[in-house]
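Quick one: the structure is below, questions incoming.
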Amino acid sequence: MQEKTYTFYQDVYDVARQIPKGRVTSYGAIAKYLGMARSSRMVGYAMNGAHSMVDIPAHRVVNRNGLLTGKHHFETPFRMQELLEQENIKVEEDQIIDFKELYWDPLVELKL
DNA sequence: GTGCTGACTGCAG
DNA sequence: ACTGCAGCCAGCA
């Protein structure tokens, strides 16, 4: 087999793109799905490039606390919250309400 | 090649 | 219950 010419980013984008509407996930979940649970930071870092990819709903990806840590990286810090509200997701104080209910785990949903 | 950064997470106090 | 610190790895200067 040839080495994957892809970058780690592509894998992250692929998972993020599969996040269903009205659902959210955490960086750690994606990282673990990719087999890099300890590199959850890399997921967020990778999403930095996703900013250029309109196909990547980065607003659906938050930290383990359901906090919109990456909102500051959007065009405007209010953009992320508005996008979540458009998904019928309630957000208050930059934190997702009923996060555990809206939580979408690729390990459970995609489950290799 | 070496070093720093970072949209995080988990454990200890 | 909350706060603080250390670990982790890919990408970029």
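Only a predicted model underlies this, so the values are computations on that prediction, with no experimental measurement involved. In what follows, every chain begins at residue 1, and chains take the letters A, B, ... in the order their sequences are listed.
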Check your understanding: Does the side chain of A:D14 pick up a donor-acceptor pair with the side chain of A:Q10 at under 3.5 Å?
Key ->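 There is no such pair (donor and acceptor under 3.5 Å, judged by atom type) between the side chains of A:D14 and A:Q10.
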
Point to revise | Rounded distance in Å - CG (A:D11) to P (C:dA10) | key: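 Atom-to-atom, A:D11 to C:dA10, this comes out as 12 Å.
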
Exercise for review: Looking only at side-chain atoms of A:F74, point me to the closest of B:dT9, B:dA7, C:dA10.
Suggested key: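 Minimum distance to the A:F74 side chain belongs to B:dA7.
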
Exercise for review: Output the single nucleotide from B:dA7, B:dT9, C:dC8 whose closest atom is nearest the side chain of A:R38.
Suggested key: C:dC8

Point to revise | Other residues, nucleotides, ligands: >12 heavy atoms within 6.0 Å of A:H51 NE2 | key: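 Counting other residues, nucleotides and ligands, NE2 of A:H51 exceeds 12 neighbours.
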
**Study point:** A:R64 side-chain proximity, nearest of C:dG11, B:dA7, B:dG10
**Key:** B:dG10

Check your understanding: Rounded to whole angstrom units, what separation is found between the CG atom of A:N63 and the P atom of B:dC8?
Key -> 7 Å

Practice item. Whole angstrom is fine here: how far is it from NZ in A:K32 over to P in B:dG10? Key: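 In whole Å, B:dG10 P lies 8 Å from A:K32 NZ.
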
Point to revise | OP1 or OP2 of B:dC8 under 4.0 Å from side-chain N/O of A:T69 | key: yes

Practice item. Compare the minimum distances between each of C:dG11, B:dA7, B:dT9 and the side chain of A:Y27, then state the nucleotide with the smallest one. Key: B:dA7

Exercise for review: Compare the minimum distances between each of C:dC9, C:dG11, B:dC8 and the side chain of A:S40, then state the nucleotide with the smallest one.
Suggested key: B:dC8

Exercise for review: Can you tell me the distance, in whole Å, between the OH atom of A:Y13 and the P atom of C:dA10?
Suggested key: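 Rounding to the nearest Å, OH of A:Y13 and P of C:dA10 are 15 Å apart.
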
Review point. Are more than 12 heavy atoms from other residues, nucleotides or ligands located less than 6.0 Å from atom CG of A:N88?
Key: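 Not more than 12 within 6.0 Å, no.
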
Review point. Reckon A:R41 has a side-chain N or O less than 4.0 Å from the OP1 or OP2 of B:dA7?
Key: no

Review point. Nearest to the side chain of A:Y9 - C:dC9, B:dT9, C:dA10?
Key: C:dA10

Practice item. Can you figure out which of B:dC8, C:dC9, B:dA7 approaches the side chain of A:A58 most closely? Key: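 When the side chain of A:A58 is considered, B:dA7 is the closest of B:dC8, C:dC9, B:dA7.
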
Exercise for review: Could you check which of B:dG10, B:dA7, C:dC9 has an atom nearest any side-chain atom of A:M47?
Suggested key: B:dA7

Point to revise | Crowding at CZ, A:R79 (>12 non-hydrogen neighbours, <6.0 Å) | key: no

Practice item. Measure from the side-chain heavy atoms of A:S26 and tell me the nearest of B:dA7, B:dT9, C:dG11. Key: B:dT9

**Study point:** Rounded distance in Å - OH (A:Y33) to P (B:dC8)
**Key:** 22 Å

Exercise for review: Whole angstrom is fine here: how far is it from CG in A:N65 over to C1' in C:dA1?
Suggested key: 14 Å

Study note, to complete from the structure: Mate of C:dC8 across any strand shown (Watson-Crick or G-U wobble, both atom pairs under 3.5 Å) is none

Check your understanding: Counting side-chain heavy atoms from CB outward, which of C:dG11, B:dA7, C:dA10 is closest to A:M36?
Key ->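 Minimum distance to the A:M36 side chain belongs to C:dA10.
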
Practice item. Return the value, rounded to whole Å, for the distance between atom CD1 of A:I96 and atom C1' of B:dA7. Key: 13 Å

**Study point:** Interatomic distance, A:I96 atom CD1 to A:Y103 atom OH [nearest 0.5 angstrom]
**Key:**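 Between A:I96 CD1 and A:Y103 OH, I get 11.0 Å after rounding to 0.5 Å.
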
Check your understanding: Linking I/L/V/M/F/W/Y whenever their side-chain heavy atoms sit closer than 4.5 Å, directly or via other members, would A:F99 and A:M80 fall into one cluster?
Key -> yes

Review point. For the pair made of CD1 in A:I56 and C1' in B:dA7, what is the distance, rounded to whole Å?
Key: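 For the pair A:I56 CD1 and B:dA7 C1', the rounded distance is 14 Å.
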
Practice item. Have a look at A:N48 and say if it touches a base, only the backbone sugar-phosphate, or nothing, with a 4.0 Å heavy-atom cut-off. Key: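 If one applies the 4.0 Å heavy-atom cut-off, A:N48 turns out to touch a base.
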
